[in-house]
Amino acid sequence: MEKQLVLSDERLVKDFIAGKVTSIDMLIERHKAKVFSYILMCVKQQELAEDIFQEAFIRVIKTLKNGRYFDSGKFSSWVMRIAHNLIIDHYRKQKNQSVISNDNYEYDLFNSAKFSDKSVEEEMVKSQVLSEVAMLVKLLPDNQREVVEMRHYRDLSFKEIAEETNVSINTALGRMRYALMNLRKLAEERNISLTLS
Amino acid sequence: MSNTSTHDFLAREEEADFWLSVFDKLPDAIFSRRTNTPSQNVVNNIKAFARAYHPVKILRGEEGIVIN
């Protein structure tokens, strides 16, 4: 046991390739802190760093066992280069997917009032505003009211409105413009606020 | 409005290059007492993989083996 502790990385690599599986255990134990610290320094997330660490050593094992390893310097440098490539792959995948991860933020992105259900009060205000708009629309001249109803209540396009009312698209657009101007004027005259939160 | 992601990916790649050059120069010995390591579960998984893995080219040499 004492003798094994002083074996060089090169010796352990050769032993592992030759079939001595405990040699890789020693290499992992010897270099795990350095390789993992490097990965963690880059990605700053424990779980992600562990995934990359595991993948890096799996590649190391495959490369050694497939006889594709050529001793070209420090073993730890070689492992860190493999980890580095995996980190870059991760960044590029993330870039392509344009992912937003909650892990990158100190607060919960999705815990926002904007995503919550409307309160009873908000629902009442909305209902009130919509009923006031409907009341104002009834006060419009017939040709303008017709365009507003077709556009906003029946969701027709201006082309469809023009065809149904036998006018040009420009006329339909013009009627809508006058309808909106009149609606604003009517709301002001009656001191009605049509703002929705 | 900018893209949905605010990450500066190029800067992160450069940062990874920088840290690689720094760690590469650090002697392995200074990490021998570091507690900043992956969980034991991850280490055990790798060791188990090392014991279970056999290269495909070795299997190919054996007559009659079909790899799906």
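Naming: A, B, ... by sequence-line order, numbering from 1 per chain. Quick caveat: nothing in here was measured; it's all calculated off a predicted structure.
- Neither the backbone nor the side chain of B:Asn41 comes within contact range of chain A, judged by heavy atoms closer than 4.5 Å.
- For A:Ile39, no part lies under 4.5 angstrom from a heavy atom of chain B.
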Output a table of donor-acceptor pairs, distance under 3.5 Å, between side-chain atoms of residues 21-31 of chain B and any protein atom two or more places apart or on a different chain; print 'none' if there are none.
{"unit_1": "B:Ser21", "atom_1": "OG", "unit_2": "B:Phe18", "atom_2": "O", "d": "2.6"}
{"unit_1": "B:Asp24", "atom_1": "OD1", "unit_2": "A:Ser77", "atom_2": "OG", "d": "2.5"}
{"unit_1": "B:Asp28", "atom_1": "OD1", "unit_2": "A:Lys34", "atom_2": "NZ", "d": "2.7"}
{"unit_1": "B:Asp28", "atom_1": "OD1", "unit_2": "A:Ser76", "atom_2": "OG", "d": "3.0"}
{"unit_1": "B:Asp28", "atom_1": "OD2", "unit_2": "A:Ser76", "atom_2": "OG", "d": "3.3"}

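- Only the side chain of A:Ile24 comes within less than 4.5 Å of a heavy atom of chain B; its backbone N, CA, C and O stay farther away.
- Using a 4.5 Å cut-off between heavy atoms, B:Gln40 touches chain A through its side chain atoms alone.
- Contacts with chain B were tallied for A:Ile58, A:Val60, A:Ile87; A:Ile58 has the most, counting heavy-atom pairs under 4.5 Å.
- Contact record, A:Leu140 with A:Ala179: CD2-O, 3.7 Å, taken as the closest heavy-atom pair.
- Of all heavy-atom pairs between A:Pro141 and A:Asn182, the closest is CD-ND2, 4.5 Å.
- The hydrophobic cluster containing A:Met181, built from Ile/Leu/Val/Met/Phe/Trp/Tyr side-chain heavy atoms closer than 4.5 Å, also comprises A:Tyr178.
- Under a cutoff of 6.0 Å and an axis angle of 45°, A:Lys62 and A:Tyr69 do not form a cation-pi pair.
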